[in-house]
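Proteins get letters first, then strands, A, B, ... in listed order; numbering begins at 1 in each.
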Amino acid sequence: MAVEQISDLVQRLSQGQLSRRQFMRRAVALGLTAPAISAILAASAEAAPRAGGVSSAARLQSDTKTLVIADNLQGSGLWLYLDPGHFYEINPTSAMNVIYETLYHLPDGNKLTDFQPLLADGMPQVAADGLTLTVKLKQGVKFQNSGNPMTADDVIFSWKRLGALKDNPSFLYNDYVSDVVATDPHTLKITLQSSNAAFIAIMSSVEYGVVDSKVAQQHGGDAKTARTGDQDPLTQWLNQGNSCGTGPYKLTSWDKASQIELDRNPDYWGDAPKLDKIIYRNIVKPNEQLQSLQRGEVDLAFAVDPDSVDSVKSDSTLQLLEGPSLALEYLAMNVTPQVGGPLQKKQLRQAIAHAIDYDGIINGLLNGGGVRPAAPVPLGLLGTEDVKDLAYQTDLKQAQSLFDESGVGQVELTLTYGAGDTTPAGLSRDTLAPKLKSDIERIKGLTIKLKPMDSTQRLSDYRAGKLQFTMSDWSADYPDVHTYADPFGRPSPAGAATHRIGYANPQIGTWLDEGIKEQDPAKRKQIYIDIQKALIEDVPFIVEFQPIYRSPARKEVQGVSPHGVYILQLRYASKTG
Amino acid sequence: MGLWQYIARRLALAVLVIFIVSIATFLLAHAVPGNPIDAVLGNRQGNNPELRKALEHHWGLDKPLPTQYVYYIWNMFHGDLGQSIVTRRPVADDLRQYVPGTIELTIYAMFYAILVGIPLGIVAAIRQDRWPDHVARFAALIGTSVPVFWLGLLFLYVFFYRLRWLPGPGQLDPLLQRPPRVTGMITVDSLIAGDWPALFSALRHIVMPAIVLGSFAMGIVARMLRSSLVAAMNDDYVRTARAKGLEESRVVVGHALRNALIPTVTVIGLTFASLLAGAVLTETIFSWPGIGRYAVSAAEGLDYPGLLGVTLVVAIAYVTVNLFVDILYGILDPRIRVG
């Protein structure tokens, strides 16, 4: 419709996205007469930016080769390193994914079991015992800047360094791999400690990204020494705005206080990247990120407050990018008599699971920004859809009868949470906690005492198994069902989450050992379905929601999607004029 | 006692103050329960005892508290403020990066407070109890009583979001190249580099945070100057000056104002504290890279070295400003110097 096009043109003019000349040209093309154009121009003159010259917003809009992303770069635990060996964070995964590349990747965030070869040439050959994998590498892959060809030696150096550093992500190598050798410059032979059906997923994590071993060694990196990032000369060099990966973009500027810049890799071995530059701009709060987006100072805001989602949807210049996360917000209930007290009774835990108003949380508080798996394994991973319908439904009658059945009498539970913390969906725990309290207290005889704590202290206490009932979250280490089933199912004290609440179901332990080895996908799926069913029945953890990642962006942004593993998939990003 | 001796004594006192402040911060930071290692380690490795031990050793957290403090002071005298647990960089490097941003913002805020507060105070005093006085009083009241975070959000909404007069959060237009770092203050650096687009953009970016941060000080300055100027205008020497037939403007500026400025200067020194406190909020709202924002993330991550570093800087800033104010007194009123 011409009328809509005209009003869109006028709006873009008034927002400074179009110069007067551009406006005239387009208005004439739409068939507007000269008097009409001059009237519009005169009327909009007052509203035009008074910066004297072109506003930054206008320049950004006309620049179709630069993508500016608003993100909080400066907070605690954010944007520490872009070095595969030390990397262990959430948001910067989007940058890691386009700088460093792995042997296999997940191009589509909606298909988290669909691994595709990236630096590898074809899928691996797995030996009958499942212990050795042979992987062919692509020929002709070159590293950024140096132009060195990528060989098996680079992969071996990168992986062994990951293990040797003994930092947060090192378990991804040390817990699974026993050795990796080159049989020729483009063939790897990987020997595992035990047969592992999740290994393709594990080596698809950005921590398995391949660095240029020659450049890395020139800057003090080695694959032998255990050290933290601040002791590592290679990490320090990378943090000065350097990178040595094979990806379509390279790091060129690192200033966490204002912005981090990635430039196009002109010698990229694959399909040429469509942008010249990706800029992460430091804007701390989601509200200011959104304002900057609406005023055209940035193209995309990383986070959005659930309350602002409607204003994004109603803004014709914006789009809301959505994609499933692999994170969970959950409640943990200590099942030991000493700490959990009455919570050791399964019926009480089941009663609580029936009392929570999940719809109210997901549709009300999150404004639709979440889904709910039945067990502590995010939807999208193996076997989750099959048990989805077994999720606890809000049913107060059922809750009350289970509570009465448990025979605990009048009880008070202490629900702890980190004051000022936000859940992975951007909702504040200070808001979620009272909602949970009032939901659960609908069970007669049960009272909830809310106890906000300093967030690090809460984490310390939770890890030490001292908390009765607590609100927490978890994110995936690698995109396979085992990354959740193991910490949440492996009998305490071996499981990373179960030992915090003293939960031990030996049967789940046996299943986990079978599941990780099983190479037949159908059989493997059945094992994880059984594990999830057991976790639903025992309900030591209640998942309130699995966030949907939502990033508002300008309409011009194309090919970007929130992604469970890479958080934002930027590999195919472009901008239209 | 000469001026230099006076300064030397004040400096000696300052060292003592900083020493006490460092002990207090050290004890307070360690009194918080919870272990920073938990902020460092992810869910998967959080219970890896080997890794926990290695990291505790790395940050010296495995030593008794007094030993940790002695190490800290020893290293401090060697220019090493330790490693930040949150940023994983030397705290000294972090401070070098973030302190200039706060100094720059504070200077512009102070400029605003003085350039607006002093004329407002003068106008209010010479038009006492008439409408200019009421207007000035109202402006000062707004400045002192409106919380910084609210004013910040309001300014962003009105001048950036609605009217589009000024740019949003940040220091510089994202598409501009940051000028080479010399002082770390972006307006100064772009001036040194002769980079006019960057200077222009940086100035436009600093307007809002500076006004928001400086509004409290502006209100205080205006109120203080008004009351002391009103008092001075009724003094004998002003009557004498008028009796000599001096023009009213010269009476006000040359005679009354000079005396009325002494208490105002004290107040400017003291409101410096409010600027540092306000910087925490202002820097968060405007995503301004300064120590206020740095302090917040250090506190979130129980980053003892980071917190101590910030405290040290703030203490030094306080002591310096107070010293500067005392010296300025002497210049304004020679009778005070021999104290």
Residue pair A:Asp230, B:Arg89: steps toward the salt bridge (Lys or Arg N to Asp or Glu O under 4.0 Å) verdict: CA-CA 6 Å; A:Asp230 51 314; B:Arg89 302 199 317 166; over 6 Å; no
How many angstroms lie between atom NE2 of B:His58 and atom CD of A:Gln231, to the nearest 0.5 angstrom? 4.5 Å
As a test of understanding, state which of A:Arg463, A:Arg458, A:Arg500 forms a salt bridge (charged side-chain N to carboxylate O under 4.0 Å, His left out) with B:Asp38. A:Arg463
Given that the side chain runs from C-beta out, which part of B:Phe160 has a heavy atom under 4.5 Å from chain A: side chain, backbone, both or neither? both
Heavy-atom cut-off 4.5 Å, strictly under: side chain, backbone, both or neither for A:Ile279 against chain B? side chain
Region of A:Tyr88 in contact with chain B, defined by heavy-atom distances below 4.5 Å: side chain
Minimum-distance pair of heavy atoms, taken over all atoms of B:Leu175 and A:Thr66: CD2-CG2, 3.8 Å
Report the distance from atom OH of B:Tyr161 to atom OG of A:Ser292, rounding to the nearest 0.5 Å. 11.0 Å
Chain B interface, residue from A:Gly420, A:Ser455, A:Ala496, A:Ser460 that has the most non-hydrogen pairs under 4.5 Å: A:Ser460
Counting N and O atoms only, with roles assigned by atom type, does the side chain of A:Arg295 sit under 3.5 Å from a partner on the main chain of B:Arg164, one being a donor and the other an acceptor? no
Okay, B:Leu55 and chain A: the region with an atom under 4.5 Å from a heavy atom over there is side chain
Region of A:Tyr81 in contact with chain B, defined by heavy-atom distances below 4.5 Å: side chain
What's the separation between atom NZ in A:Lys256 and atom OG1 in B:Thr87, rounded to the nearest 0.5 Å? 6.5 Å
Under 3.5 Å, is there a donor-acceptor pair linking the side chains of B:Ser287 and A:Asn282? no
Within the 3.5 Å criterion, strictly below it, is a donor on A:Asp255 or B:Gln97 matched to an acceptor on the partner's side chain? yes
How many angstroms lie between atom CD of A:Glu288 and atom OH of B:Tyr157, to the nearest 0.5 angstrom? 13.5 Å
For the atom pair CG (B:Leu172) and CZ (A:Arg281), what is the distance rounded to the nearest 0.5 Å? 7.0 Å
Check each atom of B:Leu41 against the heavy atoms of chain A and say whether the ones under 4.5 Å are side chain, backbone, both or neither. both
Is any side-chain heavy atom of A:Glu297 closer than 4.5 Å to one of B:Pro167? yes
Partner chain A: residue of B:Glu283, B:Arg178, B:Glu50, B:Gln171 with the largest heavy-atom pair count (under 4.5 Å): B:Arg178
Can you establish whether the number of heavy atoms outside B:Lys53 located under 6.0 Å from its atom NZ is more than 12? no
Part of A:Asp232 within contact of chain B (heavy atom distance under 4.5 Å): neither
Which portion of A:Gln259 sits near chain B, non-hydrogen atoms under 4.5 angstrom: side chain
Side chain, backbone, both or neither: which part of A:Thr228 has a non-hydrogen atom closer than 4.5 Å to chain B? side chain
What's the spacing between B:Leu156 CG and A:Gln291 CD if we round to 0.5 Å? 5.5 Å
Counting only heavy atoms not in A:Lys277, do more than 12 sit closer than 6.0 Å to its NZ atom? yes
Bottom line for A:Asn72: the part with an atom under 4.5 Å from chain B's heavy atoms is side chain
